[in-house]
Structures are given as C-alpha cells and as structure tokens.
Trainee: 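After the structure tokens below, expect a handful of questions from me.
Just so it is clear, the model here is predicted, and its values are computed rather than measured.
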Amino acid sequence: MKFIASDNLPLAIGSYSPAVKVHGIIYTSAQVPITLDGTMVERDIKVQTRQVLSNLRTLLEDAESGMDRVVKVSVYLENIEDFGIVNVLFAEAFGEHKPARSTIAAKALPKNSLIMIDAVALANDYH
C-alpha cells in the first residue's frame with residue numbers, strides 16, 4: 001500500500017491521505033474546491049466543479065494515473081438540482097471516457113463546499 005500526497009494541491013484538511021495506491025488501483029479522497037494556496041473558490045457551482053475536477057486531475061496525474069483511467073467517481077452535491085450543470089462539466093472533463101458514477105445530495109459538505117468528488121482509478125502501470 002502506497003500513500004500518495006501532492007505538492008501541487010493544498011494540504012489535506014484532516015488526518016487522511018489524498019490518495020492510496022493498492023495493487024495498481026488508486027483510491028482518492030474527496031476533492032473540494034480549494035486552490036493550491038488553500039483558498040476556497042467562489043460559491044458558484046460551475047466555478048467549484050471546475051476546481052474540483054482540476055484538483056482531481058492533478059491528484060491522479062501525481063499518482064501516475066489520469067482522468068482516462070478513472071473507473072468510478074462519487075459526486076456529493078449540496079443541491080441535487082445542480083446535477084445538470086455538473087453533468088455538462090463532467091462531459092468536458094472526461095470527454096469520451098465515461099466512468100461509472102454515483103451522485104448524491106449531502107446536507108452539508110466540508111468547508112461549505114457546493115460539491116466534492118472522489119474517484120477510483122487504474123494506475124498507468126496496471127493493465
């Protein structure tokens with residue numbers, strides 16, 4: 001088991017690893033819309049979704065994987081009515097790659113986020 005952190009993302013806000021690699025599979029912790037300097041982006045679902053997807057991409061690349069290696073994502077939304085907007089931004093981020101996905105509404109998310117996302121992906125060295 002390998003614990004993965006990234007110098008290209010803000011420090012974890014708790015006692016957990018940003019990602020863990022086990023037998024060629026990468027499990028990420030949920031990403032929230034925070035920039036590298038620890039600043040929360042504006043409270044707008046489009047802005048926050050783009051930041052979360054950017055953070056996820058960075059974490060996966062630093063873990064020797066990528067968005068095209070994602071098998072499953074879990075999306076947590078403060079407002080389930082934002083699903084349509086998030087779906088469009090997912091299509092932009094993932095292109096033709098369509099991982100399995102669960103989306104749930106959550107009453108409250110860390111740092112007062114509107115969205116957070118975690119993923120399971122294959123490492124580049126796993127076939």
Trainee: Is Ile45 close to Leu77 at the side-chain level, that is, under 4.5 Å between some pair of heavy atoms?
Mentor: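 Counting from C-beta outward, Leu77 and Ile45 do come under 4.5 Å.
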Trainee: Run the numbers on Ile34 and Thr39 for side-chain contact (heavy atoms from CB on, under 4.5 Å), then give the verdict.
Mentor: CA-CA 5 Å; Ile34 297 176; Thr39 303; 5.8 Å; no
Trainee: Other residues, nucleotides and ligands only: do more than 12 of their heavy atoms fall within 6.0 Å of CG on Asp125?
Mentor: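 Yes, CG of Asp125 has more than 12 neighbouring heavy atoms, counting only those of other groups under 6.0 Å.
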Trainee: I'd like to know if the side chain of Gln48 reaches the main chain of Glu42, judged simply by a donor and an acceptor atom lying under 3.5 Å from each other, with no hydrogens or angles considered.
Mentor: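 Judged by distance alone, yes, a pair lies under 3.5 Å.
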Trainee: Of the non-hydrogen atoms in Asn8 and Leu36, which two are nearest, and what is the gap between them?
Mentor: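 Answer, listing the atom of Asn8 first, then Leu36: C-CD1, 3.4 Å.
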Trainee: Check whether more than 12 heavy atoms from other residues, nucleotides or ligands sit under 6.0 Å from atom OH of Tyr16, and answer yes or no.
Mentor: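 Count over threshold, so yes.
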Trainee: State, with a plain yes or no, whether a side-chain heavy atom of Arg50 is found less than 4.5 Å away from one of Glu92.
Mentor: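 Yes, at least one pair of side-chain atoms sits under 4.5 Å.
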Trainee: Give the C-alpha distance, both sets of side-chain angles, the deciding distance and a yes or no for side-chain contact (heavy atoms from CB on, under 4.5 Å) between Leu60 and Arg69.
Mentor: CA-CA 9 Å; Leu60 289 169; Arg69 305 285 289 164; over 6 Å; no
Trainee: Within the distance-only criterion (no hydrogens, no angle test), does the side chain of Thr58 pair as donor or acceptor with the backbone N or O of Ser54 below 3.5 angstrom?
Mentor: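 At least one qualifying donor-acceptor pair exists.
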Trainee: Looking at Lys46, I want to see if its NZ is surrounded by more than 12 non-hydrogen atoms of other residues, nucleotides or ligands under 6.0 Å.
Mentor: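 No - once you tally the heavy atoms of other residues, nucleotides and ligands closer than 6.0 Å, there are 12 at most.
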Trainee: Does the pair Tyr76 and Asp118 meet the rule for a side chain to side chain donor-acceptor pair (under 3.5 Å), with working shown?
Mentor: CA-CA 9 Å; Tyr76 306 87; Asp118 63 46; 3.3 Å; yes
Trainee: With side-chain contact (heavy atoms from CB on, under 4.5 Å) as the test, would you mind laying out the steps for Ile85 and Thr49 before giving the verdict?
Mentor: CA-CA 9 Å; Ile85 294 167; Thr49 301; 5.6 Å; no
Trainee: Judged by atom type as modelled, is there a donor-acceptor pair below 3.5 Å linking the side chain of Ser6 to the main-chain atoms of Leu59?
Mentor: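 Side chain of Ser6 to backbone of Leu59, a donor-acceptor pair under 3.5 Å: no, none is there.
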Trainee: Give a yes or no on this: more than 12 heavy atoms of other residues, nucleotides or ligands lie within 6.0 Å of atom CG of Leu11.
Mentor: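 Result for CG/Leu11: open.
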Trainee: Report yes if the side chains of Pro99 and Met67 come closer than 4.5 Å at any heavy-atom pair, otherwise no.
Mentor: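 A side-chain contact under 4.5 Å is absent here.
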Trainee: Verify salt bridge (Lys or Arg N to Asp or Glu O under 4.0 Å) between Lys2 and Glu64, making sure each step is shown before the conclusion.
Mentor: CA-CA 12 Å; Lys2 179 181 179 185; Glu64 299 177 357; 5.3 Å; no
Trainee: Against Leu9, only a single residue in Asn55, Asp62, Leu56 fulfils side-chain contact (heavy atoms from CB on, under 4.5 Å); can you say which?
Mentor: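 When side-chain contact (heavy atoms from CB on, under 4.5 Å) is applied between Leu9 and each of Asn55, Asp62, Leu56, only Asn55 qualifies.
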Trainee: Can you confirm whether Ile117 sits close enough to Phe90 that some side-chain heavy atom of one is under 4.5 Å from a side-chain heavy atom of the other?
Mentor: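 In contact.
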Trainee: Should we count CD of Glu81 as having more than 12 external heavy atoms under 6.0 Å?
Mentor: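 No, not enclosed.
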